[in-house]
Amino acid sequence: MTQSPVRYDRQGAVGIVTVDSPPVNALSQAVRQGLWDRVTEGFNDPAVTALVIVGAGRTFIAGADIAEFIKGGMGEPDLNEVNALIESGAKPVIAALHGTALGGGLEVALSCHYRVAVPKALVGLPEVKLGILPGGGGTQRLSRLVGAKTAIEMITSGAFLPAAKAHSLGIVDYVGEGTDPLAVALSFAASLQAGPHKRTRDREDGLAADRGSSVFDEARASLAKSARNQFAPQRCVDAVEAAFTLPFDEGLTRERDLFMQCMAHDQAKALIHVFFAERAVTKIPDVLPSVPARKIAQVAVLGSGTMGGGIAMNFVNAGIPVRLLDLDQVALDRGMGVIAKNYAGTVAKGKLAQTEMDKRLSLIQPTTDYADLADADLIVEAVFEDADVKAKVFRRLDEVAKKGAILASNTSTLDLDAIAAHTKRPADVIGMHFFSPANVMKLLEVVRGRHTAPDVIATAMAVGKQIGKVSVLVGNCDGFVGNRMVQYYATEAQRLVIEGASIEQVDQAALEFGLAMGPFAMGDLAGLDVMGFIRARRVAAGLIYGTPLSDRIDPARKGQKNGRGWYRYEPGNRTPLPDPEVTAVIDAYRAERGITPRNFSSEEIAKRLIYSLVNEGAKILEEGMALRAGDIDIVYIYGYGFPAWRGGPMKFAELSGLDKVLADITRYHADAVAAGDADGAYWEPAPLLTRLVAEGKKGFG
Ligand code: T1G
Ligand code: NAD
């Protein structure tokens with residue numbers, strides 16, 4: 001008989017129900033059954049007058065077991081039954097909170113008569129981040145404690161609240177000292193007055209004031225803007241409103257109904273996929289967690305330009321000192337100036353204390369002398385994207401860097417193995433590809449070279465986590481994962497315009513799909529000069545990147561940085577405005593080729609943009625340049641503003657039906673071939689996609 005993950009003990013007159021199911025005491029069926037059995041045992045224990053529910057290990061219950069419920073259903077006893085049992089007992093039940101009391105975990109606590117916490121505890125109902133809503137009474141019980149406005153805010157944001165804040169809102173009744181939740185609960189139990197002890201379901205505190213209030217419609221209206229196209233946030237408001245319009249049990253039924261609607265929605269499938277995909281990226285089959293990471297106490301960054309400055313900020317933000325090297329003092333002063341300006345902006349917004357800014361700046365030591373890099377444990381190179389410049393730099397680093405130092409390149413398009421070959425220590429060379437602005441974007445592509453050592457990979461992944469990045473291991477190929485896919489996305493955007501869509505229409509379709517920015521506005525942000533430079537290099541190598549249309553755009557148009565690109569920009573304003581000069585170039589380009597512009601629906605535009613990513617993603621997967629389809633999804637969500645509620649490009653394709661996606665891709669390829677358009681050659685269906693569909697597979701595995 002398997003051991004229950006929930007045990008019962010007694011301390012004096014208090015029964016202790018301990019949930020011990022690592023890593024986060026998630027409410028699996030066994031935990032729910034254990035809670036049922038042990039709480040019943042405590043209620044029937046004549047020697048105790050109160051019960052405490054506490055979590056063993058690092059946290060109280062952190063929610064329902066997501067892995068269990070995506071396998072279909074939650075099995076008996078249902079969480080609502082467990083909560084009803086806890087709430088119905090003749091003895092007061094105290095929830096002792098530490099770590100993260102989240103989702104179903106907070107719902108268990110809300111069904112207790114009292115909640116106490118250690119100061120560092122966090123509480124929250126983050127279900128909306130999984131595309132669902134609290135389905136264990138959270139919307140009904142929390143509303144009774146905090147009222148409509150706070151309940152809606154907590155449930156539609158999914159935010160984690162610190163114990164003190166939860167106490168001030170009346171969610172937590174007592175915040176004790178120290179780190180031991182049981183000790184806090186036992187001292188609280190000792191101070192408990194005789195009953196009756198009010199059930200949360202009977203509390204009216206938060207209800208009266210908001211009955212018939214307009215807060216619900218206001219919330220729906222604002223969520224329609226801030227969470228456009230998203231299903232669960234709206235259903236969260238519906239569920240909270242039920243607490244103010246229905247008796248408790250009917251409200252609970254309504255909540256469960258809405259919960260099931262969310263569970264059935266593709267957005268929940270997408271967001272739950274993202275939850276696990278984000279945790280899976282840390283797992284590298286041939287670099288086991290036992291591989292020790294190298295100690296990184298001192299970092300050096302080469303190049304203090306657009307990327308170097310932001311990269312340096314990441315390290316000092318994490319308290320790691322940085323030597324910042326550039327060619328000369330002028331370049332260094334410019335680079336340090338940009339860093340200081342960035343921090344000053346954050347201070348001005350009240351998001352950083354001046355003292356902290358000063359401390360971080362003091363951790364950056366500018367230098368022009370390579371000798372100053374001799375004690376660095378990790379050196380990140382971010383100099384010009386030129387193979388000869390990189391080669392010269394890595395030869396120099398090979399001379400000055402200490403034994404065991406990791407040499408990382410931030411190159412976005414060059415061959416990492418070619419760079420490593422300029423050193424006698426290719427095993428210590430790795431790619432750390434940050435995204436602009438490097439101190440803001442969460443994605444870090446960690447590029448594995450042919451010779452990169454496992455502990456160097458382990459170290460780069462660990463450093464990524466340490467500086468707050470989502471690190472994804474990728475293979476060394478042209479553009480790695482993100483940029484390799486986006487070049488066909490950007491090319492397809494131009495092809496759509498050549499065939500008749502307007503630049504605004506293409507970008508609008510991308511926004512309606514949920515992307516943070518359209519392809520043309522993105523091009524203007526990155527810089528048309530940078531794009532032009534990459535296009536020239538790729539076309540010279542016989543590769544696709546954009547179309548000849550982009551060669552017609554006046555090279556003086558650099559994009560946002562000079563107010564003119566595919567769009568025009570008013571000085572000091574980042575709003576893209578249509579530019580008739582560009583429209584004229586497009587009209588002339590079509591006329592020269594005898595192209596009669598045709599109409600496009602937003603849906604067709606979005607399909608062609610997104611499927612271009614999917615097709616290339618499938619090729620990347622087949623080549624082993626990404627470990628999992630989920631890794632590609634995480635790259636796009638954290639690096640390219642792909643909406644998480646769509647799951648990422650690969651998950652979106654699975655939810656759309658791989659067979660349907662392949663049918664469209666095959667058609668786009670045939671159209672390109674029929675039009676003799678070599679720039680559309682990337683539409684050749686990925687063999688992996690063709691094979692999966694032929695085998696009747698629904699996913700990339
Ligand atoms: N279910 C299953 N596994 C979970 C889990 C959960 N709820 N939470 C974490 N894990 C696994 C995770 O996959 C990882 O596994 C390991 O635990 C450590 O997690 C009815 C239906 C708690 C803040 O949304 O936010 O309740 O990769 O790496 O960074 O209303 O995990 O090691 O194999 O993330 O320290 C609501 C989700 C569920 C909270 C800890 N609860 N979890 O963060 O560690 S829905 C949540 C988190 C619900 C009810 C509904 C975080 C954390 P592995 P980790 P961490
Ligand atoms: P940048 O031109 O803004 O900065 C490059 C800096 O390197 C300049 O300050 C220059 O003085 C310095 N430099 C040049 N040669 C040097 C040398 N031999 N030794 C020391 N310093 C030297 O360029 P950037 O946009 O920051 O790009 C840097 C690298 O990051 C490139 O490899 C680029 O591909 C990559 N990258 C750029 C972006 C982006 O969006 N800009 C994104 C990801 C990666």
Side-chain angles (χ1 to χ4, degrees), residues 1-69 71-116 134-138 140-141 180-182 184-186 188-189 192 195 197 199-201 249 252 256 259:
M1 172 117 140
T2 48
Q3 171 99 13
S4 167
V6 185
R7 60 177 182 273
Y8 179 73
D9 313 294
R10 203 186 299 136
Q11 281 206 26
V14 179
I16 315 292
V17 174
T18 304
V19 179
D20 191 354
S21 180
V24 295
N25 293 326
L27 284 161
S28 62
Q29 191 283 333
V31 167
R32 294 194 308 276
Q33 187 63 57
L35 274 172
W36 182 274
D37 300 342
R38 302 288 83 78
V39 168
T40 304
E41 186 177 350
F43 282 156
N44 298 337
D45 182 349
V48 306
T49 57
L51 299 186
V52 168
I53 299 179
V54 66
R58 64 177 171 146
T59 183
F60 188 74
I61 302 165
D65 186 333
I66 309 167
E68 182 190 78
F69 70 67
K71 285 191 215 113
M74 292 224 255
E76 299 299 318
D78 178 275
L79 181 55
N80 277 332
E81 291 163 339
V82 173
N83 291 344
L85 172 81
I86 292 169
E87 201 169 42
S88 69
K91 298 172 183 172
V93 185
I94 303 161
L97 312 181
H98 78 300
T100 48
L102 304 173
L106 182 57
E107 291 175 306
V108 166
L110 288 169
S111 69
C112 295
H113 302 86
Y114 302 99
R115 285 151 296 284
V116 301
Q140 306 306 299
R141 290 191 175 90
D180 178 359
L182 184 54
V184 172
L186 291 173
F188 182 83
L192 262 186
H197 302 281
R199 304 184 302 173
T200 309
R201 61 174 289 156
D249 291 316
L252 215 52
R256 178 48 57 95
F259 174 80

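Numbers for residues simply follow the sequence, beginning at 1.
A donor-acceptor contact shorter than 3.5 Å links the side chain of R115 to the backbone of A109. Here the side chain of R199 pairs no donor or acceptor atom with the backbone of S111 at under 3.5 angstrom. With hydrogens and angles disregarded, no donor-acceptor distance shorter than 3.5 Å links the side chain of S28 to the backbone of D65. When atom types are taken as modelled, the side chain of N25 and the backbone of A56 share a donor-acceptor pair closer than 3.5 angstrom. E81 places a side-chain N or O within 3.5 Å of a backbone atom of D78 that can act as its donor or acceptor partner. Judged by distance alone, the side chain of N83 and the main-chain N or O of G136 form a donor-acceptor pair under 3.5 Å.
By the side chain to side chain donor-acceptor pair (under 3.5 Å) test, R10 pairs with D45, sequence neighbours left out.
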* To do: Given side-chain contact (heavy atoms from CB on, under 4.5 Å), test V24 with R58 step by step and report yes or no.
  => CA-CA 7 Å; V24 295; R58 64 177 171 146; 3.5 Å; yes
* To do: Take L252 and R201, measure what side-chain contact (heavy atoms from CB on, under 4.5 Å) needs, and give me the verdict at the end.
  => CA-CA 10 Å; L252 215 52; R201 61 174 289 156; 5.9 Å; no
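Side-chain contact between E87 and C112 is absent, with no heavy-atom pair separated by less than 4.5 Å. No side-chain heavy atom of D37 sits under 4.5 Å from any side-chain heavy atom of V6. The closest side-chain heavy-atom distance from L186 to I16 is below 4.5 Å. With a 4.5 Å cut-off on side-chain heavy atoms, Q140 and P134 do not count as touching. The side-chain heavy atoms of F60 and V19, taken from C-beta on, include no pair separated by under 4.5 Å. Residues Q33 and S4 form no side-chain contact, since every pair of their non-hydrogen atoms from C-beta on lies 4.5 Å or further apart. The shortest distance between side-chain heavy atoms of E107 and L27 does not fall below 4.5 Å. Side-chain atoms of F43 and V39, non-hydrogen and from C-beta on, do get closer than 4.5 Å to each other.
Here the closest heavy-atom approach between residue V14 and residue A189 is recorded as CG2-CB, 4.0 Å. Looking at every heavy atom in both residues, H113 comes nearest to H197 through CD2-O, 3.4 Å. Here the shortest heavy-atom pairing between G135 and F259 reads CA-CD1, 3.7 Å. The minimum heavy-atom distance between P5 and V31, with the atom names listed, is CG-CG2, 3.7 Å.
Distance check: Y8 OH to L35 CG gives 13.5 Å after rounding to the nearest 0.5 Å. Atom CG of L182 sits about 7.0 Å away from atom OG1 of T18, to the nearest 0.5 Å. Atoms OG1 and OH, from T200 and Y114 in turn, are 10.0 Å apart once rounded to the nearest 0.5 Å. Interatomic distance, CG of L192 versus OG1 of T49, reported as 8.0 Å (0.5 Å rounding).
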Please list, one pair per line, the donor and acceptor atoms closer than 3.5 Å that link side chains of residues 92-101 to other protein atoms, with sequence neighbours excluded.
residue, atom, partner, partner atom, Å
H98, NE2, G57, O, 2.8
H98, NE2, T59, N, 3.2
T100, OG1, T59, OG1, 3.1

